[in-house]
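Down below is the structure, laid out as structure tokens.
Only a predicted model underlies this, so the values are computations on that prediction, with no experimental measurement involved. Just the heavy atoms: all of them, side chains too, but no hydrogens, waters or symmetry mates, feed the values below.
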Amino acid sequence: MFLNPVIGNKEIITSSGSDLKVHSLSTGEALHSLKNHSGRITCSQLVPGNKMQVMTASAEDNAIVWWDYVDGVKLSEKKLVDEGEKIVKFVALDKTTIFAQIVPKPETSINPKLWRIVELKVQPDSEYLKKTTTIRKTRGYSLSGFATGGPEGRLLVIASGRTLVWYNTKTREVVKKMTKEIITTCAVHPSQECVATGEKNGQISIWRRNTYSTLHWHAHAVSALTFTVDGTYLLSGGEEAVLVLWQLAISKNTFIARLGAPIEAIATNSDATRYAVATKNNSIWVIDGRSMQKDFQIRGLATQTSEHKNWLKNLVYDPRSQSVVVKSDSGTLQFYDIFRGRHVLSLDVVKRNYVSKTEDEETTTWTVERIALKRKRLATFEKLRSRMVIKFWKWVDNRYEMNTIINQPHEKRILSMNFNDSATLLVTTSLDGKFKLWEINPDSSNEQWQCKSVAFYRDSPLRDA
């Protein structure tokens with residue numbers, strides 16, 4: 001998964017498992033893949049005062065690593081002394097001060113909501129980070145927001161449950177505020193004592209020292225918030241797969257819709273000309289901040305956000321493009337080159353945009369359940385409740401063209417389908433106890449498929465062919 005997007009000088013830096021991926025900000029081309037951590041990277045940010053370097057942390061190796069992402073080299077590494085705890089997230093205040101979320105290791109605690117925020121000092125002459133002060137400790141709610149900003153960058157904000165804690169890292173003053181709704185994310189204004197919180201009911205609250213106001217567009221929980229570097233705009237995203245840009249002075253908003261999947265993180269560059277939006281289907285959209293148009297999409301191996309456990313079911317390999325074919329959300333197929341780690345092709349099978357759920361109910365849409373591929377021919381099986389469709393496709397002029405739609409091909413769900421070696425016959429098996437052979441109609445001029453024969457065996461469900 002592409003996580004923790006950061007925009008540097010002319011690059012986008014993201015984490016994918018234990019690797020740090022570096023892409024061109026202008027084209028999306030992959031530039032580097034940096035490896036050092038032994039486990040999944042859980043957090044990353046630019047080094048304070050140096051946008052040519054980035055810091056990453058992994059809970060599994062309990063280390064923070066400094067990188068020169070332009071040259072693709074590791075600069076240094078500092079570890080947390082192993083006292084039964086591990087680093088999950090961090091924010092660096094300056095070159096020597098880091099605030100980190102520390103949690104007990106699984107073998108020392110079974111409570112996932114037990115954590116604390118500690119101040120760590122970078123010691124030039126030591127390989128370890130020094131713990132100094134515990135800022136906040138809790139066992140009631142998970143950490144939902146953790147950010148720095150404000151005047152001189154000295155305001156640290158910690159959000160969990162309905163509690164918002166402001167901590168002045170210079171004066172050590174602590175201010176606690178309570179919200180009516182559970183906080184899901186937060187962001188701090190880059191130069192003012194101003195904090196934005198996203199909440200479970202879709203509301204955004206703007207907190208200042210003595211004032212409070214709200215913004216509301218989202219219908220579901222807000223999952224990502226960030227200010228532009230000058231603080232003029234606030235960007236938000238969530239379940240709706242829509243990026244919302246708020247002009248705070250006049251509470252006016254602008255939208256970029258149809259991002260394909262729920263938004264998980266948002267990053268902006270130093271002059272707000274580029275935004276990077278990470279979505280739940282393992283993609284990053286690069287948005288032009290001036291025109292508010294999509295520039296391009298960086299795609300990893302797609303996942304099904306609503307049905308993750310069945311993500312790799314019916315996995316198909318395509319020798320022609322040397323890629324695997326997987327089902328992703330909104331009824332699309334992705335052809336992905338696993339050897340080179342790059343997206344090859346998307347095929348919109350269902351031809352319906354992503355729709356967010358209504359309240360707490362999951363939306364019901366057509367889903368691609370089965371795929372058969374041989375030579376230049378492709379068959380897909382779609383289902384919506386009791387409605388079923390088989391579509392036949394052929395590779396023509398560097399794209400798949402659909403030539404046949406078969407409605408209700410069986411009485412019940414199809415369990416398997418496969419082409420013969422020459423891809424001139426397709427067999428389907430079903431829970432209705434029948435298997436069918438499909439062939440190209442010899443009298444059709446544009447390759448129309450039809451049912452050739454039907455067979456059954458003791459009316460038992462036929463599970464594979």
Side-chain angles (χ1 to χ4, degrees), residues 1-23 25 30-109 115-135 143 146-148 153 156 158 169 265 267 276 278 284 300 341:
M1 290 291 290
F2 285 133
L3 300 172
N4 313 306
V6 174
I7 299 182
N9 186 31
K10 297 179 180 178
E11 295 84 9
I12 302 174
I13 306 99
T14 65
S15 59
S16 179
S18 60
D19 297 346
L20 195 66
K21 304 286 187 179
V22 183
H23 294 261
L25 184 56
L31 303 176
H32 304 298
S33 182
L34 309 180
K35 302 176 183 292
N36 181 82
H37 290 288
S38 59
R40 182 174 65 90
I41 295 174
T42 53
C43 191
S44 60
Q45 76 161 79
L46 292 178
V47 174
N50 190 342
K51 64 179 183 180
M52 310 295 282
Q53 297 177 8
V54 70
M55 304 163 61
T56 59
S58 170
E60 294 183 40
D61 58 23
N62 232 0
I64 294 179
V65 177
W66 282 255
W67 304 88
D68 180 331
Y69 64 81
V70 177
D71 293 334
V73 296
K74 172 185 169 182
L75 300 174
S76 63
E77 177 180 344
K78 302 288 183 181
K79 291 190 175 184
L80 187 70
V81 176
D82 191 351
E83 297 175 339
E85 295 179 309
K86 59 183 181 181
I87 298 174
V88 178
K89 296 180 180 179
F90 73 89
V91 289
L93 186 66
D94 51 40
K95 293 183 179 180
T96 61
T97 305
I98 298 170
F99 293 94
Q101 179 197 14
I102 307 295
V103 301
K105 289 185 176 179
E107 58 267 25
T108 61
S109 172
W115 53 269
R116 62 190 180 121
I117 302 296
V118 299
E119 183 178 347
L120 304 174
K121 289 294 184 181
V122 178
Q123 305 175 95
D125 56 348
S126 173
E127 65 176 305
Y128 292 103
L129 298 160
K130 181 181 179 181
K131 297 178 189 175
T132 57
T133 307
T134 295
I135 311 301
L143 179 68
F146 184 35
T148 57
L156 172 69
I158 306 161
T169 60
I284 292 179

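Contact between Val103 and Trp115 at its shortest, heavy atoms only, is CG1-CB, 3.6 Å. Pairing each heavy atom of Leu25 with each of Asn9, the nearest pair is CD2-O, 4.4 Å. Taking every heavy atom of both residues into account, Tyr128 and Leu80 meet most closely at CD2-C, 4.2 Å. Closest approach of Ala276 and Ile284 over heavy atoms only: CB-CG2, 4.1 Å. A pairwise comparison of heavy atoms in Asn4 and Ser15 identifies ND2-OG, 2.9 Å as the closest pair. Shortest non-hydrogen contact noted between Lys86 and Asn62 is CA-OD1, 3.0 Å.
Heavy-atom contacts from other residues, nucleotides or ligands closer than 6.0 Å to NZ of Lys130 number 12 or fewer. Around atom NZ of Lys131, more than 12 heavy atoms belonging to other residues, nucleotides or ligands sit under 6.0 Å away.
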Run Ile135 and Ile158 through side chain to side chain contact (heavy atoms under 4.5 Å, CB included) and show every step you take. CA-CA 9 Å; Ile135 311 301; Ile158 306 161; 4.0 Å; yes

What's the verdict on side chain to side chain contact (heavy atoms under 4.5 Å, CB included) for Phe146 and Val91, showing C-alpha distance, side-chain angles and the deciding distance? CA-CA 8 Å; Phe146 184 35; Val91 289; 3.8 Å; yes

Go through the steps for Trp66 and Val122 under the test side chain to side chain contact (heavy atoms under 4.5 Å, CB included), then give the verdict. CA-CA 12 Å; Trp66 282 255; Val122 178; 4.1 Å; yes

For Leu129 and Ile87, run side chain to side chain contact (heavy atoms under 4.5 Å, CB included): C-alpha distance rounded to whole Å, both residues' side-chain angles, the deciding distance at 0.1 Å, then the answer. CA-CA 11 Å; Leu129 298 160; Ile87 298 174; 4.1 Å; yes

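With 3.5 Å as the limit, one finds a donor-acceptor pair spanning the side chains of Asn36 and Lys74. Side chains of Thr42 and Lys89: no donor on one and acceptor on the other come within 3.5 Å. Donor-acceptor pairing under 3.5 Å is lacking for the side chains of Lys121 and Thr132. Side chains of Thr134 and Arg116: a donor-acceptor N/O pair is present below 3.5 angstrom, by distance only.
Judged by distance alone, the side chain of Thr56 and the main-chain N or O of Ser44 form no donor-acceptor pair under 3.5 Å. Checking side-chain atoms of Asp68 against main-chain N and O of Gln53 turns up no donor-acceptor pair under 3.5 Å. His32 contributes a side-chain N or O that, together with a main-chain N or O of Val70, makes up a donor-acceptor pair within less than 3.5 Å. Panel note: side chain Gln45, backbone Ala92; a donor-acceptor pair is recorded below 3.5 Å. Distance alone, capped at 3.5 Å, is enough to place a donor-acceptor pair between the Asp94 side chain and the Thr96 backbone. Checking side-chain atoms of Ser58 against main-chain N and O of Glu60 turns up a donor-acceptor pair under 3.5 Å. Without hydrogens or angle criteria, Asp61 side chain to Ala63 main chain gives a donor-acceptor distance under 3.5 Å.
The CG atom of Leu93 lies 10.0 Å from the CD1 atom of Ile98; values are rounded to the nearest 0.5 Å. Going from atom CE of Met55 over to atom CG of Leu46 covers 10.5 Å, rounded to the nearest 0.5 Å. Here the CZ atom belonging to Phe99 is positioned 5.5 Å from the CG atom belonging to Leu156, to the nearest 0.5 angstrom. In this structure, CD1 in Ile7 is found 15.0 Å from NZ in Lys10, a value given to the nearest 0.5 Å.
By the 4.0 Å N-to-carboxylate-O rule, Lys51 lies too far from Glu11 to be salt-bridged with it.
Within the 4.5 Å cutoff, the side chain of Ser18 has no heavy atoms near those of the Arg40 side chain.
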